[in-house]
There are 2 protein chains.
Amino acid sequence: MPYDPSAFPPFAVTVDLVVLTVRRHSLCALAVRRGEPPFQGRWALPGGFVRAGEDLAQAAARELAEETGLCVHDPAAPTQDNGAHLEQLATYGDPERDPRMRVVSVAHLALAPDLPAPRAGGDASNARWAPVEELLEQSGYGHAGEAVAPLAFDHARILADGVERARSKIEYSSLATAFCPPEFTVGELRRVYEAVWSVALDPRNFHRKVTGTPGFLVPTGGTTTRQGGRPAQLFRAGGATLLNPPMLRPEV
Amino acid sequence: MPYDPSAFPPFAVTVDLVVLTVRRHSLCALAVRRGEPPFQGRWALPGGFVRAGEDLAQAAARELAEETGLCVHDPAAPTQDNGAHLEQLATYGDPERDPRMRVVSVAHLALAPDLPAPRAGGDASNARWAPVEELLEQSGYGHAGEAVAPLAFDHARILADGVERARSKIEYSSLATAFCPPEFTVGELRRVYEAVWSVALDPRNFHRKVTGTPGFLVPTGGTTTRQGGRPAQLFRAGGATLLNPPMLRPEV
DNA sequence: GTGTTTATCGTCAGGCAGACGACTATGATC
DNA sequence: GATCATAGTCGTCTGCCTGACGATAAACAC
């Protein structure tokens with residue numbers, strides 16, 4: 001059968017972002033307040049339409065830069081490490097997910113170090129870092145509790161999927177370093193794992209594990225006492241991206 | 001800003017399928033021959049447009065049924081096990097990936113037991129099971145060698161991603177049973193792992209591992225000698241979906 | 001019966017993780 | 001300045017799991 005433009009229905013395609021960071025020992029996600037219907041006034045994940053000549057990854061990187069000012073960390077040039085990790089998460093296309101029209105959203109997951117303050121088009125009151133349990137409460141994806149209204153659209157589901165991806169991926173990859181500044185200590189990295197998994201890890205076994213995995217951490221020579229206590233060695237993320245054997249997540 | 005339909009460009013949305021099975025000790029994928037331009041006459045992954053009122057998973061299940069006659073195995077009703085495993089893989093939206101128009105393809109991964117014969121709209125000559133290395137040759141994703149023309153569009157990339165997903169997922173889940181008939185022996189399951197990973201596994205250690213993991217295998221009581229040699233116990237897949245600790249893929 | 005094939009059970013050594021003791025080096029407090 | 005609290009770092013021990021591999025069992029082919 002020949003090419004027939006009427007043979008398929010038109011879709012709008014968006015990218016939505018699950019941007020995660022660790023602040024004050026808890027895993028937080030970036031949420032923006034919706035300024036227009038539907039779901040006006042409710043919190044949602046940042047995102048927007050994919051433009052005509054734009055790849056999906058480009059669109060996600062553009063939205064991330066617009067919302068946070070973050071550049072995407074390019075795996076090909078790991079020298080300048082001022083960027084975030086960005087990867088595609090999943091695509092959501094329920095016909096009813098947007099009441100206006102048929103929208104397919106390609107969700108992306110971004111991991112960033114702790115940032116000074118969010119900005120949503122320069123308006124700080126319309127963007128915030130919120131603990132993920134708080135955002136997932138009342139959505140069927142978190143524990144019960146009195147909290148804010150659930151996220152707009154199916155964003156609670158998307159956020160839950162993104163959090164689960166991050167939780168499982170730091171097991172077998174060095175991705176947890178994406179939550180850390182360029183130089184960090186073993187203790188800081190351990191607190192990332194503890195925040196993302198909501199568990200307590202043994203500092204001695206953790207230290208043995210991460211320093212004993214070749215290519216995971218590279219000492220920079222410096223030390224710091226910014227966490228108090230005895231000065232700790234500073235490290236950079238090494239070239240290894242896979243953790244084998246993986247870091248084991250304790251039973252809860 | 002109010003809702004403005006002209007604010008976003010229209011996209012066509014398709015689902016493409018990576019359907020994998022194990023035949024004659026090698027991992028094979030379903031390929032269909034294109035009957036129309038572009039890439040007319042070339043092999044491609046099965047797929048098609050998402051319909052107006054259709055969810056992405058529904059569209060993928062429909063295409064799978066159209067191409068193979070397989071029903072999707074419903075995790076909620078694991079009693080009738082005549083279906084395949086189906087999951088979303090990733091979404092591909094390069095602006096240049098289809099010369100006709102802007103197409104975003106949501107690729108899905110399906111795992112099926114060995115099937116009698118493929119059918120593509122009843123025309124068997126336009127569908128075949130091909131070893132994945134053969135399909136990935138000449139595409140930069142496989143080893144060198146003289147073979148057929150590379151897959152149409154970016155389907156070699158999609159296939160490579162699907163194969164990699166399957167290879168890694170059988171490590172830590174019971175997904176390998178999706179390649180087996182409803183009742184199978186430990187040896188047949190081991191040959192699935194060997195085909196997917198292209199390695200040889202020790203039969204004794206493999207047997208110890210899978211029979212020692214609670215909930216992975218459930219003995220049915222029957223035995224079979226269809227593989228020759230001493231009769232082997234028959235098993236069904238147990239309720240456990242996660243394999244912890246995982247099956248370790250040997251270094252190559 | 002002999003050989004071949006596949007399945008299944010056991011044994012042993014090495015590696016890794018969890019539990020936890022001990023020591024070190026800083027800042028805070030009295 | 002002594003003491004305390006905090007955090008980092010090095011070791012030890014035990015148990016579990018894996019890889020390597022020997023041995024036995026039960027079918028079929030000849």
Side-chain angles (χ1 to χ4, degrees), chain A residues 24-25 170-172 180 183-195 197 199-236 240 242-252, chain B residues 24-25 170-172 180 183-195 197 199-236 240 242-252:
Chain A
R24 282 176 279 116
H25 292 200
I170 64 173
E171 289 185 46
Y172 57 89
C180 293
E183 295 198 349
F184 54 89
T185 70
V186 173
E188 289 165 348
L189 183 62
R190 176 170 48 82
R191 280 181 275 277
V192 165
Y193 276 90
E194 292 178 333
W197 285 345
V199 295
L201 299 176
D202 185 288
R204 299 157 290 190
N205 293 336
F206 184 87
H207 189 277
R208 176 182 62 191
K209 173 71 177 173
V210 295
T211 57
T213 300
F216 189 12
L217 297 182
V218 180
T220 66
T223 62
T224 183
T225 63
R226 60 185 171 215
Q227 300 288 342
R230 169 176 165 178
Q233 254 189 298
L234 282 170
F235 294 89
R236 281 186 298 104
L242 253 49
L243 223 53
N244 203 338
M247 182 88 57
L248 294 182
R249 176 162 25 167
E251 325 280 329
V252 180
Chain B
R24 281 178 279 114
H25 292 201
I170 64 173
E171 288 186 46
Y172 57 89
C180 294
E183 296 200 348
F184 54 89
T185 70
V186 173
E188 289 165 348
L189 183 63
R190 175 170 48 82
R191 279 181 274 278
V192 164
Y193 276 90
E194 293 179 332
W197 284 345
V199 296
L201 299 176
D202 185 288
R204 298 155 292 189
N205 293 336
F206 184 86
H207 190 277
R208 178 183 60 191
K209 173 71 177 172
V210 295
T211 57
T213 300
F216 188 13
L217 296 182
V218 180
T220 66
T223 61
T224 183
T225 63
R226 61 186 171 214
Q227 299 289 341
R230 170 175 164 181
Q233 252 189 299
L234 282 170
F235 294 88
R236 280 186 299 103
L242 253 50
L243 224 53
N244 203 339
M247 182 88 57
L248 294 183
R249 177 162 23 167
E251 324 280 328
V252 180

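Order of the sequence lines sets the chain letters (A, B, ...), proteins ahead of strands, with each chain counted from 1.
- For B:R208 and D:dG19, a side-chain-to-base donor-acceptor distance below 3.5 Å is present, hydrogens and geometry of angles not being considered.
- When the side-chain nitrogen and oxygen atoms of A:K209 are compared with OP1 and OP2 of C:dA17, one or more of them lie within a distance under 4.0 Å.
- In this structure, A:L248 atom CG and C:dC16 atom P are separated by 12 Å, rounded to whole Å.
- Rounded to an integer number of Å, the gap from A:E171 CD to C:dA17 P is 13 Å.
- At most 12 heavy atoms of other shown residues, nucleotides or ligands fall within 6.0 angstrom of atom CZ in A:R24.
- In this entry the distance linking NE2 of B:H207 with C1' of D:dA25 reads 12 Å, nearest Å.
- Contact between the side-chain N/O atoms of B:R204 and the OP1/OP2 oxygens of C:dC12 is not found at any separation under 4.0 Å.
- One finds the CG atom of A:L189 at 5.5 Å from the OH atom of A:Y193 (value rounded to the nearest 0.5 Å).
- Atom CZ of B:F206 is separated from atom P of C:dT6 by 16 Å (rounded to the nearest Å).
- Taking CZ of B:R236 as the reference point, atom CZ of B:F184 lies at 9.5 Å (rounded to 0.5 Å).
- No N or O donor and acceptor, one from the side chain of B:R230 and one from the base of D:dA26, sit under 3.5 Å apart.
- Across the protein-nucleic acid pair, A:R226 atom CZ and C:dA25 atom P stand 20 Å apart, rounded to whole Å.
- Atom CG of A:L234 and atom CD of A:E188 lie 7.5 Å apart (nearest 0.5 Å).
- Looking at which nucleotide of DNA chain C each of A:G228 and B:T211 is closest to, the 5′-most match is held by B:T211.
- Comparing B:P245 and A:P203 against DNA chain D, the residue whose closest nucleotide sits nearer the 5' end is A:P203.
- Rounding to whole angstrom units, CZ of residue A:R249 and P of C:dC16 are separated by 22 Å.
- Taken to the nearest 0.5 Å, the CG atom of B:L248 stands 7.5 Å off from the CG atom of A:N244.
- Nearest nucleotide to the side chain of A:P231, out of D:dA26, C:dA19, C:dT26: C:dT26.
- Following rounding to the nearest Å, B:D202 (CG) and D:dG22 (C1') show an atom-to-atom distance of 11 Å.
- In this structure, the CG atom of A:N244 is 13 Å from the C1' atom of D:dT18, given to the nearest Å.
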